[in-house]
Asker: 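So that we are looking at the same thing, I have put the structure below in C-alpha cells.
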There are 2 protein chains.
Amino acid sequence: MQEAVGLIGPQGAQERVLDGVRRAIIEGRHLPGQPLSEVALAAEHDVSRTPVREALKQLQIEGLVEIRPRVGSFVRAPSRREVVELFELKEMLEGMGARLLAARGPVHELDALEENIERSGEAVARADAQRYAGLVHEFHELIVTGANNTQLVTHYRTLMNQLAYQRLVSASLTRPGRLGESLAEHRHVLDLVRGKDGIGAEFAMRDHVRSSERATLTAGHPLGGRSSTKES
Amino acid sequence: MQEAVGLIGPQGAQERVLDGVRRAIIEGRHLPGQPLSEVALAAEHDVSRTPVREALKQLQIEGLVEIRPRVGSFVRAPSRREVVELFELKEMLEGMGARLLAARGPVHELDALEENIERSGEAVARADAQRYAGLVHEFHELIVTGANNTQLVTHYRTLMNQLAYQRLVSASLTRPGRLGESLAEHRHVLDLVRGKDGIGAEFAMRDHVRSSERATLTAGHPLGGRSSTKES
DNA sequence: CCACGGCTTCTTGCATGCATCACAAGTTAA
DNA sequence: TTAACTTGTGATGCATGCAAGAAGCCGTGG
C-alpha cells in the first residue's frame, strides 16, 4: 500500500489501535487466553503490523496482554492471587486519595462527590444496580483524581484496567443488601473528608475497599481463577 | 544489512537497547532534556530503528522518557511537584510492604533485613555514606519484595526508576547526622515487623519515608527542579 | 533593527520484506 | 500401537524505504 494518504489520523494510528484493543479486552470482547494475532488486528483496524506491535507492547506493560516472545500475544487474565494483590494495592491507593483529598480543603471534587452520593441514593432506591455500578466507578475515580496527584492517578488507572473493574463491580453488586452497604460506606468516607480528618478518611476508604473486595470475590468469579500463564 | 545472522541475540535486541538506555538515563549518562535520536541510539547499539522505537516507548511508560509526537524523544526529569507526588506514593507503597511483611511471619527476608542493619551499622560507624546508600536501597527493596506481592514490586520499581533514587539518596546522606537517624528508623521498622505489628510497622515505615523525603529535598537538588517540559 | 514568511533539513510514523523460530501434523521405525 | 523424527506452515523480530510534519534558517519587508 504505502499510501499513508489519510495522514496521521486524528491522534495517530497506534493510539487508535491501542484504545480499540484495550476497550475490547476490558469489555470482554476478547476473552482471556485468546491469541491476538498481529496480522488479524492489523487487518481489523486497517493499519500495518507496526502500530499493532507497539500497541500490544504497551498493553503488555499495562498488564492486559501477555507476550510470549517468538510465540505470540495473548489476552491476560490475572490469577486469583494477582487479583488479591491488585486489591491490596487498590486499598492503599484509594486510601491515599481520600487522605490527600481531605487535606486539600474545599475543592470542586467535593461537590461532585456530594452530587454523586445523591444520585447513588436514587439508584439504590430504585435498586438500579447497573446505574449504581457506574456511580461507584465515578465515586472512586473522584476520590483518586481529587487527590491532585497525577502519579497516583496514572498508577491507579493501570490497576483498574487490570482488574477489569467494571465487570467485577457489576458482578459484586448483585448480592442483595450490598448496594445500601456500599452507599453508606461512601457517605462515611465523604463525611470524614469534609471534616478534614485525613487519617480517618484514609482508613474509612481502606475499610470500604476491603469490604468491596470481599463482596466481589465471594460473588461469582468471572475471571476464571486461573492465570493465562500455564506453568506446566 | 538485513543480515540478522547472529540470530536473536541473548535476549532479543530490543531488551538490550531497553536496558542500555534505561541504565544510561538512571546513571546520568543521558542528562534530562537531552534529545534521544532514534538513529543515534540505533547506531550506538548496532541495531535498526525498530527495536529502538519499541524500547523508547516502554521507557516513556516507565516515565523516564518523554515522547513528543512527530518531534522526538527526550530524557524526562520529573518536576519538583512530581517528585513530591512520587514520594507520596513511595510512602504508601513501602508502608504497605512493611505491613504485609509483618503479617507474613518469619520469612527469610527478615534475616536478610537483620543482616542488612548489621552491615549498615558498620557503614555508619565508618561514616561510609556511599556504602550506606547501597544498603539503604537494599533495605527498602527487601521490605517491598518481602511483602510477597508482585504487583507491588512492579509499581514500586517503576517509581524508583522515575526518582533516579540512587542519586537522590546519595545526595541526601551527605547531611551530617542523617546516617544514624536513618539507621535508627530502619531498626525501629524492623522491630515492629518482627513483633508482627502490621499497622505499627506501616506507619513507622511511612514516617521513615517522609523524613527521608525531607532530608532529600532539603539537600541539594540534582534534579534541576524544572521539568523537561517547558511550558512557555 | 525587528518581525514575518517561505524553505531546507532532519525527525518521526508507518508500510513492507526477509530471516528465524515455534508448533503441529504426517511419517517411519521399533 | 506408540514414540521419535522430519517437515511444513504460520507466527514473530528486525531491517529498511517512503511520506508527512516540525524546528531552525535565511531572506525580505516594514
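Since this is a predicted model, take the numbers as computed values, not measurements. Note on naming: letters A, B, ... go to the chains in the order of the sequence lines (proteins, then strands), and numbering restarts at 1 for each one.
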Asker: Over all strands shown, is B:L36 touching base, sugar-phosphate only, or nothing at heavy-atom distances under 4.0 angstrom?
Answerer: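 Answer is sugar-phosphate: B:L36 comes under 4.0 Å of backbone atoms only.
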Asker: For A:V71 and for B:L56, find the nucleotide of DNA chain C with the closest heavy atom, then tell me which residue's nucleotide is more 5'.
Answerer: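 That would be B:L56.
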Asker: Answer yes or no: is there an ion pair linking B:K90 with B:E213, defined by an N-O contact shorter than 4.0 Å?
Answerer: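 Between B:E213 and B:K90 there is no salt bridge, as every charged N stays at least 4.0 Å from the carboxylate O atoms.
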Asker: Report the nucleotide, chosen from C:dG13, C:dG17, C:dA15, that has the shortest atom-to-atom distance to any side-chain atom of A:P51.
Answerer: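 Between C:dG13, C:dG17, C:dA15, the one nearest the side chain of A:P51 would be C:dA15.
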Asker: Using only heavy-atom distances, determine whether the side chains of B:Y156 and B:E141 contain a donor-acceptor pair under 3.5 Å.
Answerer: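 There is no such pair (donor and acceptor under 3.5 Å, judged by atom type) between the side chains of B:Y156 and B:E141.
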Asker: Can you tell me how far P of C:dT11 sits from CG of B:L41, to the nearest Å?
Answerer: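 Roughly 12 Å, once rounded to whole Å.
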Asker: Does the side chain of A:S48 get closer than 4.0 angstrom to OP1 or OP2 of C:dA15 through an N or O atom?
Answerer: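 Yes.
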Asker: Figure out the CD/P separation between A:E15 and C:dG13, and round it to whole Å.
Answerer: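 The distance from CD of A:E15 to P of C:dG13 comes to 10 Å, rounded to the nearest Å.
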Asker: Using a 4.0 Å heavy-atom cut-off across all strands, classify B:P35 as base, sugar-phosphate, or nothing.
Answerer: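 If one applies the 4.0 Å heavy-atom cut-off, B:P35 turns out to touch nothing in the nucleic acid.
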Asker: I'd like to know if the side chain of B:T150 pairs up with that of A:E85 as donor and acceptor (distance under 3.5 Å, no hydrogens or angles considered).
Answerer: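 There is such a pair between these side chains.
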Asker: Could you state the CD-C1' distance from B:E38 to C:dC10, rounded to the nearest angstrom?
Answerer: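 After rounding, the gap between these two atoms is 12 Å.
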Asker: Rounded to the Å, how far apart are B:R68 CZ and C:dC10 C1'?
Answerer: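 The answer, rounded to whole Å, is 15 Å.
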Asker: Any salt bridge between B:E62 and B:R157, counting N to O under 4.0 Å?
Answerer: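 Here B:E62 does not pair with B:R157 in a salt bridge, since their nearest N and O are not under 4.0 Å apart.
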Asker: Atom CD1 of B:I67 to atom P of D:dG21: distance rounded to whole Å?
Answerer: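 In whole Å, D:dG21 P lies 19 Å from B:I67 CD1.
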Asker: To the nearest Å, give me how far apart CG (A:L18) and C1' (C:dG13) are.
Answerer: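 Checked: the CG to C1' distance equals 15 Å.
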Asker: To the nearest 0.5 Å, what is the distance between CG (B:L86) and OG1 (B:T158)?
Answerer: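 Result: 10.5 Å between the selected atoms.
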Asker: Look at A:Q14 and C:dG13 and indicate whether a side-chain polar atom (N or O) is within less than 4.0 Å of OP1 or OP2.
Answerer: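 Checking C:dG13 against A:Q14, no side-chain N or O comes under 4.0 Å of OP1 or OP2.
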Asker: For C:dG13, take OP1 and OP2 only and decide whether either is under 4.0 Å from a side-chain N or O of B:R53.
Answerer: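 Yes, because at least one side-chain N or O of B:R53 sits under 4.0 Å from OP1 or OP2 of C:dG13.
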Asker: Within this structure, what is the CZ-to-C1' distance between A:F74 and D:dT12, rounded to whole angstrom?
Answerer: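 One finds 11 Å between C1' of D:dT12 and CZ of A:F74, rounded.
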Asker: Is B:R70 side chain donor-acceptor paired with the C:dT11 base, going by distance under 3.5 Å alone?
Answerer: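 Side chain to base: no pair present.
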Asker: So A:S73, base contact, sugar-phosphate only, or nothing? Heavy-atom distance under 4.0 Å.
Answerer: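 Nothing, no heavy atom under 4.0 Å.
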Asker: Find the distance A:E66:CD to D:dT12:P and express it as a whole number of Å.
Answerer: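 Distance, rounded to whole Å: 14 Å.
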